[in-house]
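Chain naming here is simple, since letters A, B, ... match the order of the sequence lines and numbering starts at 1 in each.
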Amino acid sequence: MKILVYIQQDDGKLNSVSLEALKGAQEIAAQTGGTVSAICFNSDVTTQLAGYDLTEVLLAEDDKLNTFNPLFYLKAMEDIAKAESPDIIVFGHSYEARDWAPRLSVRLDIPLISDCIGFKKEDELTFIRSIYQGKLNSDSVVKNGAFIVSFQSGAFRVDGIQSGSAEVRNVTVDLSEVNDSISPEEKFQEAEQAVDLTQAEVIVSVGRGIGKEENLEMVRELSKILGAEIAASRPVVDAGWLESSRQVGSSGQTVSPKLYLALGISGAIQHVVGMKGSKHIVVINKDSNAPLFEIADYGVVGDIFEIVPQLTEKLQNA
Amino acid sequence: MKICVLIKQVPDKDSSLNISDDHLTLVENNITWVSNESDNYALEEALLLKEKHGGEVIACTLGKDSARQVLKDALAKGADRGIFISDSSFDNLDVLSLGKIIASSLEKENFDIIMSGLQSDDQGNSQLGLILAELLNMSHATLGMGTEVVDDSTIKVKKELEGGWFQWTKLSLPASISIQSGINSPRYATLKGIMMVKKKTVDEVTSGDVAADALESNVTINKIYVPDKTKETQFIEGSPDEISEKLVELFRNDIKVLN
Ligand SMILES: Cc1cc2nc3c(=O)[nH]c(=O)nc-3n(C[C@H](O)[C@H](O)[C@H](O)COP(=O)(O)OP(=O)(O)OC[C@H]3O[C@@H](n4cnc5c(N)ncnc54)[C@H](O)[C@@H]3O)c2cc1C
Ligand SMILES: Nc1ncnc2c1ncn2[C@@H]1O[C@H](COP(=O)(O)O)[C@@H](O)[C@H]1O
């Protein structure tokens with residue numbers, strides 16, 4: 001089993017999700033007797049990569065690969081996959097990977113099992129995906145031939161990465177024929193974040209379970225008495241009920257308050273990555289199977305419209 | 001501008017999901033079916049582009065018979081016609097095969113733009129838009145949070161990146177664009193729109209119309225199951241009154257956030 005891990009670099013640094021994926025590749029290799037090599041498009045990261053337990057580090061350098069452009073990255077990987085014939089190509093499921101790995105799957109005509117949360121080696125090598133927004137899991141197996149797999153953020157712990165010393169080998173790719181039908185411009189952030197949730201001690205966070213904008217009043221009262229900042233999951237911001245700087249998650253802020261009180265939030269991974277570092281997580285949700293209970297320290301299975309007003313009243317009298 | 005919008009029918013987020021005895025499918029009778037969330041935003045974006053620049057919006061779905069409803073909803077909101085791709089031999093195919101089937105169904109239409117949601121709320125592959133881009137030789141962008149037509153052959157898409165960053169990217173048409181939720185405010189169907197649905201056409205595609213090799217999927221799902229609970233969550237029980245009382249104590253004595 002020859003495993004090739006694509007290592008994304010962000011401004012000269014190793015991307016953490018692809019580093020976790022590298023750990024995943026090492027674990028797959030350990031259980032299947034395979035070998036792991038890494039491939040990167042930037043020499044800034046090769047020294048660090050060479051310090052891990054890898055067969056080799058492949059480096060493809062070209063001016064056209066300095067910043068991300070899916071069509072150039074695709075052609076480079078296509079050339080490399082054809083020359084190296086890996087059995088598995090591993091990605092971290094980053095936003096960048098979303099923007100080219102599926103096209104690579106078509107280009108090489110091999111499947112991509114995307115956004116996996118882990119794997120197991122039973123009779124067959126089985127990949128675990130989280131489906132229905134975290135409510136269920138599925139076990140996938142590739143029938144035959146090479147394939148691509150991408151792993152979700154948090155699927156493996158980087159601190160377990162095996163170190164070693166790997167040789168760096170330069171590989172050549174031919175990008176001369178790639179068309180320029182996709183031209184990315186500079187990255188930017190919207191105007192200053194209006195709210196900084198990262199320093200908040202207490203956060204009361206609302207999800208779609210709040211139902212409608214008027215119901216936010218009840219949450220405002222609770223957070224006032226708790227001295228808390230209000231935060232939200234994405235649908236509440238999408239609906240325009242709260243400003244976007246109050247969104248917690250992969251496309252919002254990452255918070256770590258002493259108390260994160262989640263009201264009517266189901267616990268999709270994109271929300272969880274933004275709040276799992278909170279010291280105490282208290283979840284109120286009417287669905288006892290809501291995935292967010294899985295990371296809660298304290299859980300209440302119940303209706304926020306029954307509990308929140310009572311809680312506010314009790315805190316007022318406390 | 002000729003725009004295709006891909007819409008998948010998925011269980012409503014509040015449906016209870018019970019797994020059948022085969023450990024592969026869901027018990028369907030307590031599921032409410034709806035259009036995938038990000039696809040609603042994709043449809044709205046397509047309708048806005050049409051209103052501004054003229055053209056045609058065609059809604060397309062691949063699914064079981066019940067999935068006709070997502071096309072009806074899209075037609076009621078203003079799509080001009082529908083493409084319904086359905087056949088029992090399409091069940092249990094992996095996303096690459098589904099992409100090949102959809103691509104061969106759409107190829108002759110020569111769309112300027114294919115809009116899709118950034119991911120399906122059931123399978124969550126986050127792949128189909130790009131699979132189509134490659135198969136139909138289009139440019140692409142993912143996680144669109146804004147669009148701006150530059151001229152007849154160019155569109156700009158504002159892509160969402162991680163942690164609050166964005167990036168405009170210029171695409172030569174034809175382009176496949178996946179849309180992130182929140183890009184716009186999806187409209188509701190009007191009564192007049194609903195009345196119009198009967199007058200609009202829906203083309204049907206079955207397995208005989210698509211390339212045979214698409215029907216061979218290389219990924220098997222062995223089972224679906226409820227994830228194991230690994231964390232010991234302490235559950236607080238009782239009447240709302242008792243629960244609130246216990247929460248106050250918890251906040252005061254254990255978490256220590258009350259002064
Ligand atoms: C690329 C990408 C980026 C994303 N970025 C983010 C992000 O940054 N942040 C984010 O939050 N999401 C993000 N999402 C969206 C994410 O996948 C989920 O769709 C979203 O987090 C769901 O929000 P929710 O839990 O509020 O809604 P739902 O999943 O609809 O859950 C609502 C919950 O409320 C409960 N509920 C309903 N009524 C009541 C009641 N009366 N009392 C108690 N409980 C009730 C229900 O049981 C349910 O569990 C992103 C998605 C993608 C694909
Ligand atoms: N069966 C389908 N019918 C129509 N559109 C689909 C189908 N499956 C996926 N899509 C589209 O592709 C997007 C991404 O889906 P996925 O790759 O499954 O996450 C969805 O948001 C839809 O717009």
So, B:S217 side chain and B:D94 main chain: donor-acceptor pair closer than 3.5 Å or not?
yes
Interchain contact, B:P11 with chain A, by part (heavy-atom threshold 4.5 Å):
side chain
When the 4.5 angstrom heavy-atom criterion is applied to B:L161 and chain A, the contacting part is both
Does B:S97 use its side chain to pair, donor to acceptor, with the backbone of B:A214 at less than 3.5 Å?
yes
Taken in chain and number order and not counting sequence neighbours, the residues that satisfy salt bridge (Lys or Arg N to Asp or Glu O under 4.0 Å) with A:E243 are A:R246
Relative to chain A, which segment of B:A141 carries a heavy atom at a distance below 4.5 Å: side chain, backbone, both, or neither?
backbone
A:E78 (side chain) donor-acceptor with A:R107 (main chain) under 3.5 angstrom:
no
Can you classify the ring geometry of A:F127 versus A:F119 as parallel (below 30°), tilted (30 to 60°) or perpendicular (above 60°)?
tilted
Which residue out of A:H93, A:Q247, A:Q310, A:E96 racks up the most heavy-atom pairs below 4.5 Å with chain B?
A:Q310
How would you list, in number order, the residues of residues 146-154 of chain B that have a heavy atom less than 4.5 Å from chain A?
none
Side chain, backbone, both or neither: which part of B:D241 has a heavy atom under 4.5 Å from chain A?
both
Test your reading of the model: is there a side-chain donor-acceptor pair from A:N69 to the backbone of A:I182, 3.5 Å cut-off?
yes
Is chain B contacted by the side chain of A:I110, its backbone, both, or neither, given a heavy-atom distance below 4.5 Å?
backbone
Region of A:E124 in contact with chain B, defined by heavy-atom distances below 4.5 Å
side chain
Can you say whether B:K256 sits under 4.5 Å from chain A via the side chain, the backbone, both, or neither, judging by heavy atoms?
both
Quick check: does any side chain N or O of B:N218 sit under 3.5 Å from a backbone N or O of A:N144, one acting as donor and the other as acceptor?
yes
Largest heavy-atom contact set with chain A, pairs under 4.5 Å, which of B:H23, B:E232, B:Q180, B:K246
B:Q180
Per-residue contact mode, B:I255 against chain A (heavy atom under 4.5 angstrom)
both
Residue A:S94 versus chain B: region with a heavy atom under 4.5 Å
both
ring-ring contact (aromatic ring centres under 6.0 Å, His included) between A:F293 and B:F235: does it pass, once the steps are laid out?
CA-CA 9 Å; A:F293 282 125; B:F235 281 95; 5.2 Å; yes
Got a donor-acceptor contact below 3.5 angstrom from the A:R129 side chain to the B:G124 backbone?
yes
Relative to chain B, which segment of A:I295 carries a heavy atom at a distance below 4.5 Å: side chain, backbone, both, or neither?
backbone
So, the side chain of B:S35 versus the backbone of B:V70: is there a donor-acceptor pair under 3.5 Å, distance only?
no
Are the side chain of A:S181 and the backbone of B:S139 linked by a donor-acceptor contact shorter than 3.5 Å?
no
At a heavy-atom distance under 4.5 Å, which candidate from B:Q123, B:H140, B:Q119, B:R252 has the highest pair count against chain A?
B:H140
Closest heavy-atom pair and its distance - A:S150, A:L112:
N-CD1, 4.1 Å
Chain A contact via B:S185 - side chain, backbone, both or neither, heavy atoms under 4.5 Å:
neither
Can you tell me if B:E44 uses its side chain to pair, donor with acceptor, with the backbone of B:R187 under 3.5 Å?
yes
So for A:V202, is it side chain, backbone, both, or neither that comes closer than 4.5 Å to the heavy atoms of chain B?
side chain
Can the positive tip of A:K187 be found less than 6.0 Å from the middle of the six-membered ring of B:W165, inside 45° of the ring normal?
no
With a 4.5 angstrom heavy-atom cut-off, could you sort out which part of A:S250 is near chain B: side chain, backbone, both or neither?
backbone
Does a side-chain heavy-atom distance below 4.5 Å link A:S244 with A:V237?
yes
Non-hydrogen atoms of chain A under 4.5 Å away: do they reach the side chain of B:L250, the backbone, both or neither?
side chain
Given that the side chain runs from C-beta out, which part of B:D213 has a heavy atom under 4.5 Å from chain A: side chain, backbone, both or neither?
neither
Just so I understand: if I count every heavy-atom pair under 4.5 Å between each of B:K159, B:K229, B:K223 and chain A, which residue has the most?
B:K223
Options B:T233, B:V248, B:I224, ranked by heavy-atom pairs under 4.5 Å with chain A, top entry
B:T233
Does anything in residues 260-273 of chain A get under 4.5 Å of chain B by heavy atoms, and if so which residues?
A:L261, A:Q270
Where on A:V282 is there a heavy atom nearer than 4.5 Å to chain B: the side chain, the backbone, both, or neither?
side chain
With no hydrogens and no angle check, do the side chains of A:D139 and B:Y225 hold a donor and an acceptor under 3.5 Å apart?
yes
Engaged part of B:L26 at the chain A interface, taking heavy atoms whose separation is under 4.5 Å
side chain
Identify which of A:V142, A:L311, A:D99 forms the greatest number of heavy-atom pairs closer than 4.5 Å to chain B.
A:D99
Closest non-hydrogen atoms of B:G117 and B:A42, given as atom of the first, atom of the second and distance, are N-CB, 4.3 Å
Test side chain to side chain contact (heavy atoms under 4.5 Å, CB included) on A:I203 and A:V248 and set out the steps.
CA-CA 10 Å; A:I203 289 179; A:V248 167; 5.5 Å; no
Portion of B:I243 that has a non-hydrogen atom of chain A nearer than 4.5 angstrom
side chain
Members of residues 13-20 of chain B whose heavy atoms come closer than 4.5 Å to chain A:
B:K13, B:L17, B:I19
Applying a strict 4.5 Å limit to non-hydrogen atoms, the region of A:E186 in contact with chain B is backbone
Pick whichever of B:I131, B:D121, B:L132 has the most heavy-atom pairs under 4.5 Å with chain A.
B:D121
For A:P102, does its backbone N or O pair with a side-chain atom of B:E134 as donor and acceptor, under 3.5 Å?
no
Taking the basic N atoms (NZ, or NE/NH1/NH2) and the acidic carboxylate oxygens, is any pair closer than 4.0 Å for A:R234 and B:E160?
yes
If we count only N and O atoms by modelled type, under 3.5 Å, do the side chains of B:E37 and B:S181 hold a donor and an acceptor together?
no
Any idea which of B:T220, B:I221, B:T230 has the most non-hydrogen atom pairs under 4.5 angstrom with chain A?
B:T220
Ring-plane angle category for A:W100 and A:F68, please: parallel below 30°, perpendicular beyond 60°, tilted otherwise.
tilted
Please flag which part of B:E237 lies under 4.5 Å from any non-hydrogen atom of chain A: side chain, backbone, both or neither.
neither
